[in-house]
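Shown below is the structure under consideration.
Residue numbering restarts at 1 for every chain, and letters A, B, ... go by the order of the sequence lines.
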Amino acid sequence: MSEIAIGIDLGTSNSCVAVLRDGTVEVEVLPNAYGEATTASVVALRADGTITVGNAARANIIHDPAHTISSSKRLIGRYFFSEEVKKAQAICSYQIVEGPNHSVRIEVREEVFSLPEIGAMILRELKSIAESRLNEPVTKAVITVPANFNDNQRQATKDAGQIAGIEVLRILNEPTAAALSYGFGKGLAQTVAIYDLGGGTFDISVLQIADDVFEVLSTCGDTFLGGDDFDDRLIDLLADEFLERENINLRNDPFALEKLKVAAESAKQALSVKDEVEIRIPDVISAADGGSSLSIERTLSREEFSRLVNDLIQRTFKVCDEALQQADLVTRDLDGVILVGGPTKLPMIREAVEHYFGKPPKDDVDPDQVVALGAAIHAATLVDNEHNAFLLDITPLSLKIGVAGGLAETVIERNTPVPIEQTRTFTTFQDDQESVAIRVYQGEARESEGNELLGQFEFSGFKKARRGQVPIDVTFEINADGIVNVTARDPESGQQASTSITLSSGLSDGEIRNIIEERRSDRVQLNSELVPADAEALGAVRLVSQPVTSIPETKEALAESTPAPAADPPTASVEPSDEGIASVTPQDPGITTDPEPPTDDLESDDEDFATKVDRFEEELELLPDETLEPLEMAAADDVTAIMNDDDLLAMSRGPDLDPENPATQTSKTDAEPEADPDLFEDVGTDLTTLDGGGSENKD
Amino acid sequence: MSDLAPTEIKALVRIMDELDYYQLMHVKRGVSVRDVKKAYYAVSRTFHPDANRSLESDLRDAVERISKRVTEAYAVLRDPRRRQAYDRQLNENAGVRMQLAAAEAGARKQAQENEGLTPQGRQYFRLANDEIKRQDWRSAERNLATALTFEPNNESFKSMLKEVRKNVKYSPADRR
């Protein structure tokens, strides 16, 4: 009997855990203590120090938004200055702060958490769900990530697993997992597209399935497009209408905003089964005079919602076009389309997908579970010799190296199969140069700034010699996990470089050890330890599994479910309404008495943020114009490397340029274009290359 | 799971740098893209890291090195442009390994050369190309010959001129 290994879909909104039991071919989702297939990816930190994860935590958002962390996947592995973090700050009610190396931290009740630590709390919960269902300890898992997650995000997810006490067998792309779930053990010979619209991201992957081989042909994505954006459109509509009518901006009140969010999400879900929903949010906010409370009541039809989000849906098909083009296919070459992600349950999306692909999507797999099921299958194949399925995956993002002029040169193009290793030879740029700095990026932009900086490192210790006389081999490696490794080597001495990439925004091994030793996640009150009675006490946990929702509006019902002031069970309760029309009524434990309305903080944060962006941009500022020569010219420029700063993003200027030595290097290049090594132009951190290989990136 | 013998793995790693991509993938030079894919699947079954998880770590590293080279071979051979550049390198005995950036660069260079490397060469080549479409072989012959005076070493022009001359022989004496 082989060791058990589970599959975990760690989602933006909901997570799911599945297993392929030993000795069977049937893969199954492991439901939580409430019998639900998915568990909300929400972490609530309560006043007494306990931590709740899951649907109970999600219910906590409405009355305690500042201490309830949702959608943390949007932040994992990001830099603090990134667009996505900025966007999250605008919509999240919890405190997002900057950590070391421009990383992101979340501050709750004077405690600061890294994103992997928050992820670990969710993973611990999922692990415990699996353990209680399987009645045995579970230590190994495959965890899925969106296909277009970059290396920083993958590493951070892996770190989360490690903190949660899980040996992460593989970081698997979600669409690939979905394809595995669709095609495993069926002996198919098909080309399929996986349309994966999650809470926060959109991915499309095209795969060829040949019996037990699953080859990913292409993957494209939009990291700024997801089901949450559909909700946001609806929130905006409701907030704008309210602003017009009452002259109160609900967006400025975190409690009102959370109610809008819940109402929008429920309305969206209800529209997947109903043509029309009634949105009711009584007491959304108090009137300006402080006395009466105001409500929202509105009917929303499917058509109206469709119009609201149609451009978002069309945006996904632009990405599909790109993926098909990369795979050198057209829609009629596809044998099937598989939907992944909660939002794909919306009829308007299914219809649009059918229209675009010219065939109805496969509906034999549940979009909420298909990824976890695929992850479980892969986990089983990795621990058990009996199950065979080979995943031939690709890297979804181009791997690049920073060169002069603020550009990034591609070393491994996106959609290249992995594992792969590519070595490029560089050389020193200056006489007696002692060190070189290598900056590694991932992304599709021509300018280095438009790409994700994975990290940078310095290589030194090679012999001192005239410039161009010291070859340095830099090896870029992407393993089967899609995880990047970059090493430098002195081919003459054989001396190996200062290692693989230092993850810029991530945690060091030491930090991970400290987090594990700190055992903060021990405070997680695991749902699987609860008996169903406790579950009931925790309140509205069925928000996810029961899309058609309504909330009791009578005073009796309110009194029943509203907590005593000191206690803090969740307060959104959910019941089907008698008309069968969905309505949503989050309750409010007391907006006016909350001691810390975060609105002001958010604004001041924004200022702070702007300053930081400026500072960062200054740091990144390139050398004076005269150094930004065309590549051939750059070879002749005399620039010094000074890379001794610990701050990864800090950039030091070289000394003034030496205008002499016009074109010795260039003519040498002309003489032997293939053999000429790349050159380090050590302008602080940038390199320049002279081989024909990549100075002109495609598009 | 693959059943590789440790000695096999070690031997293959040792000679890997001497095998060209066709030998590594067990295919012939003129193989179709479809068969390249088939070969990639077959070789991956043996050498993919997932198929060799139970090996000792040094052997696992060796298998992974082979797997990475196989991936590179696949990425070159499945793309006709890159493959053309690679074949050229093999023909010139310039090495059996061609990394992807070099293959791309080679493919681009090849594409450029096909079109002409000088403005005049390109100009006469385009004229000749249009004339070939109209089957005006004599004019095409003249323009290709002119293009070659600007780029005497352009292999693509040379082979095209050879083709055009074959047609000139069989075409009516003078169309004009």
Side-chain angles (χ1 to χ4, degrees), chain A residues 2 169-170 172 208-215 217 328 378 381-395 398-401 409-413 415-425 475-481 673-675 678 689 691-698, chain B residues 1-3 16-17 33-34 36-54 60-61 63-82 85 88-89 92 94-95 97-112:
Chain A
S2 57
L169 299 173
R170 169 68 40 87
L172 181 64
Q208 191 162 2
I209 306 172
D211 194 12
D212 60 342
V213 178
F214 293 72
E215 185 194 5
L217 301 177
D328 213 4
H378 195 47
T381 66
L382 293 179
V383 293
D384 183 354
N385 294 357
E386 293 308 305
H387 298 294
N388 266 352
F390 290 107
L391 294 186
L392 304 176
D393 219 328
I394 55 174
T395 178
S398 299
L399 187 61
K400 302 182 167 196
I401 186 158
E409 186 186 310
T410 304
V411 178
I412 300 178
E413 263 181 62
N415 291 333
T416 297
V418 295
I420 196 152
E421 184 184 289
Q422 297 282 285
T423 301
R424 300 283 284 271
T425 304
T475 300
F476 302 78
E477 180 193 347
I478 305 178
N479 69 15
D481 281 330
E674 302 292 346
D678 297 320
T689 55
D691 73 338
S695 53
E696 324 157 26
N697 291 334
K698 282 202 297 186
Chain B
M1 291 284 146
S2 81
D3 303 308
M16 190 170 72
D17 288 332
V33 172
R34 177 190 282 258
V36 167
K37 195 180 272 274
K38 262 193 204 158
Y40 173 55
Y41 290 179
V43 179
S44 293
R45 278 200 179 92
T46 315
F47 292 108
H48 194 280
D50 289 355
N52 295 283
R53 293 182 76 93
S54 51
R60 229 178 25 235
D61 290 347
V63 167
E64 192 166 350
R65 280 189 59 201
I66 300 168
S67 176
K68 285 172 182 160
R69 187 65 62 86
V70 165
T71 311
E72 182 177 287
Y74 175 57
V76 170
L77 297 188
R78 71 169 174 179
D79 178 342
R81 295 166 52 255
R82 289 178 181 172
R88 193 174 157 142
Q89 178 180 303
E92 290 166 2
R97 187 179 180 200
M98 188 177 220
Q99 299 196 55
L100 301 180
E104 264 311 306
R108 261 200 306 273
K109 199 176 145 202
Q110 185 68 50
Q112 276 171 4

Minimum heavy-atom distance A/Glu421-B/Arg97, with the two atoms named: O-NH2, 3.4 Å
Side chain / backbone / both / neither for B/Lys37 at chain A, heavy atoms under 4.5 Å: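 Only the side chain of B/Lys37 comes within 4.5 Å of chain A.
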Between A/Ala480, A/Pro419, A/Ala389, which residue shows the highest count of heavy-atom pairs closer than 4.5 Å to chain B?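 Ranked by contacts with chain B, first place is A/Pro419.
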Side chains of B/Arg53 and A/Val383 in contact at under 4.5 Å (non-hydrogen atoms): no
Residue list, side-chain contact (heavy atoms from CB on, under 4.5 Å) with A/Ile412, at least two apart or on another chain: A/Thr395, A/Leu399, A/Thr416, A/Ile420, A/Gln422, A/Phe476, A/Ile478
Report yes if the side chains of B/His48 and A/Leu391 come closer than 4.5 Å at any heavy-atom pair, otherwise no. no
Minimum side-chain heavy-atom gap B/Asp50-A/Leu382 below 4.5 Å: yes
Under a 4.5 Å heavy-atom cutoff, which of A/Glu215, A/Gln208, A/Arg170 has the most pairs with chain B?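 Max contact count across the listed options: A/Glu215.
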Are side-chain heavy atoms of B/Tyr41 and A/Leu392 found at a separation under 4.5 Å?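 They are in contact (side-chain heavy atoms under 4.5 Å apart), so the answer is yes.
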Neighbour count above 12 (heavy atom, 6.0 Å) for A/Asp328 CG: no
Are any non-hydrogen side-chain atoms of A/Glu413 and B/Glu104 less than 4.5 angstrom apart? yes
What closest approach, in Å, do B/Arg45 and A/Val213 show between heavy atoms, and which atom pair accounts for it?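 Shortest heavy-atom contact: NH2-CG2, 3.3 Å.
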Using only non-hydrogen atoms and a strict under-4.5 angstrom cutoff, which residues of residues 65-72 of chain B touch chain A?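 If one takes a 4.5 Å heavy-atom cut-off, the residues of residues 65-72 of chain B near chain A are B/Ser67, B/Lys68, B/Thr71, B/Glu72.
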